[in-house]
Amino acid sequence: MSAPLRLMAVHAHPDDESSKGAATMARYVAEGVDVLVCTLTGGERGSILNPKMDRPDILENIGEVRRLEMERAREILGVKQRFLGFVDSGLPEDETEPLPEGCFALQPLEVAAAPLVAAVREFRPHVILTYDDDGGYPHPDHIMTNRVSVEAFEAAGDPDRYPGAGEPWQPLKLYYHMGFTKDRFEALHEAMTARGIGSPYADWIARWEDRPQKWPVTSRVPCGDYFEVRDEALLAHATQVDPDGFWFVCPRDLQREIWPTEDYHLARSLVDTELPEDDLFAGIHADEVSHASRP
Ligand SMILES: [Zn+2]
């Protein structure tokens with residue numbers, strides 16, 4: 001293929017790109033794919049989740065600190081990245097707590113989606129990655145991220161929608177991240193237990209509701225060779241990730257052996273593809289890419 005393939009990953013906060021689909025992105029970057037991360041909010045209301053970083057000077061400048069962390073993670077992953085300028089909604093303690101005025105999750109859909117539509121029309125991705133409609137976990141910004149991603153996928157190619165936001169562009173495939181599945185954590189838990197490594201997943205698995213997964217995995221992208229890059233990018237988000245915490249307990253070699261893929265649900269496709277897939281660009285042919293490429 002002469003023209004490069006392009007992949008856009010839409011995320012709610014800086015650090016989400018490193019915990020969801022990071023090894024996939026690093027792999028595609030290594031294969032010459034152009035990858036752009038769009039981060040909808042600045043993560044201004046994130047708590048400090050690494051005890052070593054829980055200091056007043058950091059808390060005071062959290063917006064700037066998280067920008068610098070994102071910059072470092074971007075370099076490690078080899079992707080392009082831009083902030084789309086919304087303000088973090090924070091994670092409410094319970095459902096009755098009102099969201100802060102002006103935050104991302106309270107924006108009308110057309111306002112919230114407009115910068116992403118413009119980014120899609122400018123970057124012209126063939127494939128978009130986002131969260132499922134439950135947000136992957138119930139953070140209001142994650143649920144809103146799903147809504148604006150679906151809206152952008154559907155509207156960016158329509159010249160009558162979002163006029164003034166650039167030349168129409170129709171992405172070909174839309175995926176939801178499916179990394180946090182019960183079967184994956186059960187498999188890792190069993191393998192760790194069998195090897196006498198203390199697994200932190202038992203309580204978590206036990207609390208998991210026993211119901212079928214809402215969005216079945218359709219696509220498993222082999223990316224075990226990039227787990228180091230993923231972990232390094234995660235660690236770059238030092239305020240959000242405890243190096244002695246949950247993320248890094250399971251040895252990488254064991255992950256590579258037991259679960260060497262990152263997994264997705266193909267939510268929309270305008271191309272024919274055979275499921276299950278092992279490539280997010282499956283079914284996208286050279287003619288579509290060159291037709292779709294910049295002049
Ligand atoms: Zn997030």
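Counting convention: from 1, in listed order, for ligands and their atoms alike.
When distances to the Zn ion (ligand 1) are checked against a cut-off of 2.8 Å, His139 contributes no N, O or S atom below that limit. The Zn ion (ligand 1) does not have Asp15 among its coordinating residues (no N/O/S atom, backbone or side chain, under 2.8 Å). Contact annotation: His142 places an N, O or S atom under 2.8 Å from the Zn ion (ligand 1).
For the pair Arg67 and Phe83, the distance from NZ or CZ to the six-membered ring centre is under 6.0 Å and the angle to the ring normal is within 45 degrees.
Here the closest heavy-atom approach between residue Thr41 and residue Phe104 is recorded as CG2-CB, 3.7 Å.
Here the two rings, on His11 and His177, have centers that are under 6.0 Å apart.
Atom OD2 is the N, O or S atom of Asp16 at the shortest distance from the Zn ion (ligand 1). If you look at His13 and ask which of its N, O or S atoms sits nearest the Zn ion (ligand 1), the answer is ND1.
Note on ring orientation: taking the six-membered ring where Trp is involved, the planes of Tyr201 and Phe246 are perpendicular (angle over 60°, cut-offs 30° and 60°). Taking the six-membered ring where tryptophan is involved, the planes of His13 and His142 are tilted, since the angle between them lies from 30° to 60°.
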